[in-house]
Amino acid sequence: PGVEPGAPLVFEHIEQARRRLVDHYRNQGYLYVSVDDEVDVPDDAAERIPRDLCLARFEEGADDCGLVVRYRIREGPRVRTRRIVVRGLEHTRPGVVDSELDIAPGEVVTARGLERTRANLIRVGVFNRVTERPLEEDRPDVEKDVLVEVRERNRFSLQVGAGSST
C-alpha cells in the first residue's frame with residue numbers, strides 16, 4: 001500500500017510511505033534524514049477532520065477528497081566511514097571480523113551495509129550478539145567512526161545428562 005493520487009485516505013499508508021522514504025535515504029548514506037508528512041486540507045474545509053471530510057466528499061460522489069499529502073525531506077549530510085572500531089574480541093582473531101565487514105573506511109555508511117555486517121558476523125557462528133552503529137550518533141558529521149561491538153559465544157560447553165529407555 002502506498003499514497004496514490006485519488007486513492008482513499010489511509011493514515012497508516014501515509015506513515016508507511018514516510019518510513020519507506022526514511023529507509024531509502026538511510027540506505028543512500030543519509031543517516032540523519034528527517035521526513036515529515038503534512039496533510040493539507042482545502043480552505044473551505046479547514047475546520048473538518050480529514051477522515052470525515054473524505055467520507056463526506058466520497059458520499060457526495062467526488063473522485064477525491066481534495067487533500068494534499070506532502071513530505072518534507074531534510075537529508076542532512078551524507079556520511080562516510082572514517083574508521084571501523086571493533087570491540088569485544090577475546091579469543092577471535094580480528095581478521096575473522098574484518099573478512100565479514102560490509103563497510104569500509106572511505107565508503108558511504110548505509111543502513112543496509114550495517115545490517116549486512118551484523119548478519120555476516122552472526123552467520124559465522126562465533127558471536128551471539130553483534131551491534132553496529134556510528135559513534136557519536138547524536139552529532140551529524142560527514143565522516144563517522146563506526147563501532148562494531150561483538151559478544152563471543154562460549155567456546156566450550158559441557159553437557160551432562162542421563163537417560164533411560166524401555
Side-chain angles (χ1 to χ4, degrees), residues 1-5 7-40 50 67-166:
V3 179
E4 300 289 333
L9 179 69
V10 179
F11 284 97
E12 291 90 345
H13 294 175
I14 293 171
E15 175 58 17
Q16 289 168 0
R18 190 196 67 76
R19 283 195 310 258
R20 281 194 304 273
L21 285 166
V22 168
D23 290 345
H24 171 77
Y25 276 87
R26 286 189 175 153
N27 281 319
Q28 303 302 312
Y30 297 99
L31 301 183
Y32 298 97
V33 66
S34 171
V35 178
D36 297 312
D37 61 77
E38 295 177 1
V39 178
D40 294 338
L67 300 178
V68 176
V69 178
R70 285 185 173 67
Y71 293 95
R72 296 200 188 281
I73 301 170
R74 289 175 299 286
E75 293 175 341
R78 193 167 195 204
V79 180
R80 293 191 175 275
T81 307
R82 183 175 26 237
R83 65 188 180 106
I84 299 167
V85 177
V86 179
R87 290 187 190 152
L89 292 179
E90 294 179 24
H91 304 288
T92 306
R93 293 183 324 276
V96 172
V97 173
D98 295 343
S99 68
E100 299 300 327
L101 297 175
D102 201 52
I103 53 177
E107 290 183 354
V108 172
V109 180
T110 65
R112 190 174 294 126
L114 294 172
E115 290 167 12
R116 282 195 297 245
T117 291
R118 184 184 51 72
N120 291 350
L121 288 167
I122 291 292
R123 195 174 14 255
V124 169
V126 176
F127 309 107
N128 62 1
R129 189 183 72 195
V130 176
T131 57
E132 70 298 320
R133 63 178 174 81
L135 287 171
E136 299 176 349
E137 284 183 289
D138 57 331
R139 197 174 76 205
D141 291 322
V142 295
E143 281 192 327
K144 287 289 201 178
D145 291 339
V146 175
L147 173 65
V148 177
E149 196 163 19
V150 297
R151 186 170 71 196
E152 296 179 347
R153 293 185 184 281
N154 292 333
R155 292 178 66 194
F156 305 100
S157 64
L158 177 63
Q159 293 182 345
V160 178
S164 67
S165 176
T166 58

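These numbers come from a predicted model, not from an experiment.
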- Task: For the pair R80 and E107, find out whether any cationic side-chain nitrogen is under 4.0 Å from an anionic carboxylate oxygen.
- Result: no
- Message: Any non-hydrogen side-chain atom of V68 less than 4.5 Å from a side-chain atom of V39?
- Response: no
- Note on the structure: Correct closest heavy-atom pair for R78 and Q28 would be NE-O, 2.6 Å
- Y30 and I73, any side-chain heavy atoms less than 4.5 Å apart: no
- Are D23 and Y25 close enough that some pair of their side-chain heavy atoms sits under 4.5 Å apart? no
- Item | E152 versus T92, side-chain donor and acceptor atoms under 3.5 Å | yes
- Query: Quick one: CG on L21 to CD on Q16, what's the gap to the nearest 0.5 Å?
  - Reply: 12.5 Å
- Hey, what do you get for CG (L121) to CZ (R116), rounding to the nearest 0.5 Å? 13.5 Å
- Message: Applying side chain to side chain donor-acceptor pair (under 3.5 Å), can you list everything that pairs with R118, at least two apart in sequence or on another chain?
- Response: none
- Side chains of D36 and Y71 in contact at under 4.5 Å (non-hydrogen atoms): no
- Task: Report yes if some heavy atom in the side chain of L101 is under 4.5 Å from a heavy atom in the side chain of N120; otherwise report no.
- Result: no
- Query: Is any side-chain heavy atom of T110 closer than 4.5 Å to a side-chain heavy atom of R26?
  - Reply: no
- Message: What I want to find out is whether R18 reaches E15 closely enough, with some N-O distance under 4.0 Å, to be called a salt bridge.
- Response: yes
- Query: Under a 4.0 Å N-O cut-off, is there an ion pair linking R82 with D145?
  - Reply: yes
- Item | Non-hydrogen side-chain atoms of P94 and L89 separated by less than 4.5 Å | yes
- Message: With heavy-atom distances below 4.5 Å as the criterion, would you say the side chains of V33 and R74 are in contact?
- Response: no
- Task: Check the pair V69 / E38 against side chain to side chain contact (heavy atoms under 4.5 Å, CB included), numbers first and verdict last.
- Result: CA-CA 6 Å; V69 178; E38 295 177 1; over 6 Å; no
- Query: Atom CD1 in I103, atom CG in L114: separation rounded to 0.5 Å?
  - Reply: 5.5 Å
- Message: Using the side chain to side chain contact (heavy atoms under 4.5 Å, CB included) criterion, which residues pair with S99? Sequence neighbours excluded.
- Response: none
- Test log, rule side chain to side chain contact (heavy atoms under 4.5 Å, CB included), inputs E100 and T117: CA-CA 6 Å; E100 299 300 327; T117 291; over 6 Å; no
- Message: Apply side chain to side chain contact (heavy atoms under 4.5 Å, CB included) to residues V79 and V108 and explain how you reach the verdict.
- Response: CA-CA 6 Å; V79 180; V108 172; over 6 Å; no
Cut-off 3.5 Å, no hydrogens considered: what does the side-chain donor-acceptor table look like for residues 125-137, sequence neighbours left out?
| from | atom 1 | to | atom 2 | distance (Å) |
| --- | --- | --- | --- | --- |
| N128 | OD1 | R151 | NE | 3.2 |
| E136 | OE1 | R139 | NH1 | 3.2 |
| E136 | OE1 | R139 | NH2 | 2.8 |

